[in-house]
Amino acid sequence: MTILLFSILILLFLINVPIAVTLGMAATIVFLIEGNLSIIVIVQRMFNSVDSFPLLAVPFFILAGKLMENGGISRRLIHFANVIVGRVKGGLAIVSIVACAFFAAISGSAAATTAAVGSILIPAMVKKGYDKSFSTALQAAGGTVGIMIPPSVPLVLYGVTAGVSISDLFLAGIIPGVLVVGSLMVLVFFISVKEGYGGGESHSFKEFLRAFADAILALLMPVIILGGIYGGIFTATEAAVVAVVYGLIVGVFIYREIKLPDLTEIFSSSVVISAVIMFIIAGASAFGYYLTRERIPAQLTEAMLGVTDNWIIALLIINLLLIFVGIFLETSAAIIILTPILVPIANAMGIDLTHFGIIMIVNLAIGFITPPVGVNLFVAANIAGTKFEKLVRAIIPFIIIMIIDVLIVSFLPFLSLWFIQ
């Protein structure tokens, strides 16, 4: 029956059935063929999977990101980043990465980070003489830090699925996120030097203070969220609600860039995105329930241990699997499907589950910039008005540097565990 399950899954993928429907339908069909489980039980399993207090963080963080995206936050963060590093060689390229890091600490979403920052910086970079394909690929790669730097929606999903503290995961994501940001900055600097992309204008200390004052409310948001979590004031889920209230106050009443009619679109788009993620979770729950009943995770663990008991080799194999899956599967679905399968293997190998969560997220982030799915590539290409195919060559250096980052994060666990040990 397991072969039948995966055959149905592949068939539904090939005919472009949505991932959430594919997962739930494949499991349901196999359960009905077996005839030993009521359809009511399947529905209950799907409902119970989304009936979770920690999962409330997902729609609230998505809404908070939308509010900050539409409230003038991205423009102020970009200007502040430009004042800091805009004068160096390849300044605007580095500004793009820094701005993505700032916005990632607000939105928690790779696609939202790419859209918010890219809509401003891609046209600006092209106007300054940067190659359009390079500018677009750079923005797609920079957007990937949206799921690494806390707060991160994928980290919440992993934490709920693996039973790992979301607060610990947020702390663990800080240094790996900074590592990826730093490596991307170094890469774009050398590319800019090679291609002769110039720096921007120099800025006085007075301009720095003015830009900082303008962006201070945006910069305070992650401080309030993370400070509140680790100060024991509120949980990660409650922090998401605080972020929404903060975003509303700043966007509507202080910056005044969100008008009351805009809230309808902001709320409705947040509901749609949240519903898709919850639908995926429900479908993946039915799928995962079947795998657990058939002892697939346990069998894979035994098979892995039969191949090697060396955690380094095992981790290399897992990294290859995650990168491969990330190329073809949406990140939320990949986390929910693979976590129950891979966590027992990580446990057997003695790998810390918080560290393993960061390994998963950094691996799957590569999928955002890897064809054929490459969500960030599609978002950036749409903003730039260029064809997806033209970005394939330009994105290769970014994929290579992120694979190096994956290996560093994987085999230097103290980078992830520094703040929680």
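Just so it is clear, the values below take in all heavy atoms, side chains as well, and ignore hydrogens, waters and symmetry mates.
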Using a 6.0 Å cut-off, check whether atom [atom1] of [X] has over 12 heavy atoms from anything other than its own residue.
X    : atom1 : value
Y246 : OH    : yes
F234 : CZ    : yes
F411 : CZ    : yes

Does [X] reach the side chain of [Y], with side-chain heavy atoms less than 4.5 Å apart?
X    : Y    : answer
L171 : P150 : no
L322 : L342 : yes
V181 : M185 : yes
V271 : I62  : no
V153 : T331 : no
I318 : F356 : yes
I147 : F368 : yes
P154 : M360 : no

How close do [X] and [Y] get, heavy atom to heavy atom, and via which atoms?
X    : Y    : result
W418 : I175 : CB-CD1, 3.6 Å
L12  : A26  : CD1-N, 4.2 Å
V156 : A57  : CG1-CB, 4.2 Å
I266 : S270 : O-OG, 2.8 Å
G146 : T113 : CA-OG1, 3.9 Å
S183 : D405 : OG-OD2, 2.7 Å

Can any side-chain N or O of [X] pair as donor or acceptor with the backbone N or O of [Y] at less than 3.5 Å?
X    : Y    : answer
T22  : V17  : yes
H355 : L412 : no
S268 : E265 : yes
T339 : I336 : no
N70  : K66  : yes
N363 : I359 : yes
D51  : F47  : no
Y130 : I122 : no

Requested in this report: Test I361 against L169 for side-chain contact (heavy atoms from CB on, under 4.5 Å), laying out the working first.
Outcome: CA-CA 10 Å; I361 298 303; L169 286 167; over 6 Å; no
Requested in this report: Might you work through the side-chain contact (heavy atoms from CB on, under 4.5 Å) test for Y158 and V343, ending with a clear yes or no?
Outcome: CA-CA 10 Å; Y158 172 82; V343 160; 4.1 Å; yes
Interatomic distance, [X] atom [atom1] to [Y] atom [atom2] [nearest 0.5 angstrom]:
X    : Y    : atom1 : atom2 : result
F398 : T144 : CZ    : OG1   : 10.0 Å
T237 : L56  : OG1   : CG    : 6.5 Å
L316 : L321 : CG    : CG    : 12.5 Å
L138 : L391 : CG    : CG    : 11.5 Å
L219 : I224 : CG    : CD1   : 11.0 Å
I254 : L217 : CD1   : CG    : 5.0 Å

Query raised in the report: Does a donor on one side chain sit under 3.5 Å from an acceptor on the other, for T354 and D168?
Result: no
**Report entry** CA sep, side-chain torsions, deciding dist, call: I233, V242, side-chain contact (heavy atoms from CB on, under 4.5 Å)
**Finding:** CA-CA 11 Å; I233 301 172; V242 172; over 6 Å; no
Requested in this report: Report the C-alpha distance between V21 and F279 in whole Å, list the side-chain angles of each, state the deciding distance to 0.1 Å, and finish with yes or no for side-chain contact (heavy atoms from CB on, under 4.5 Å).
Outcome: CA-CA 8 Å; V21 178; F279 197 5; 4.0 Å; yes
Requested in this report: Identify whether NZ of Lys or CZ of Arg in R45 sits under 6.0 Å from the centre of the six-membered ring of F31 and within 45° of that ring's axis.
Outcome: no
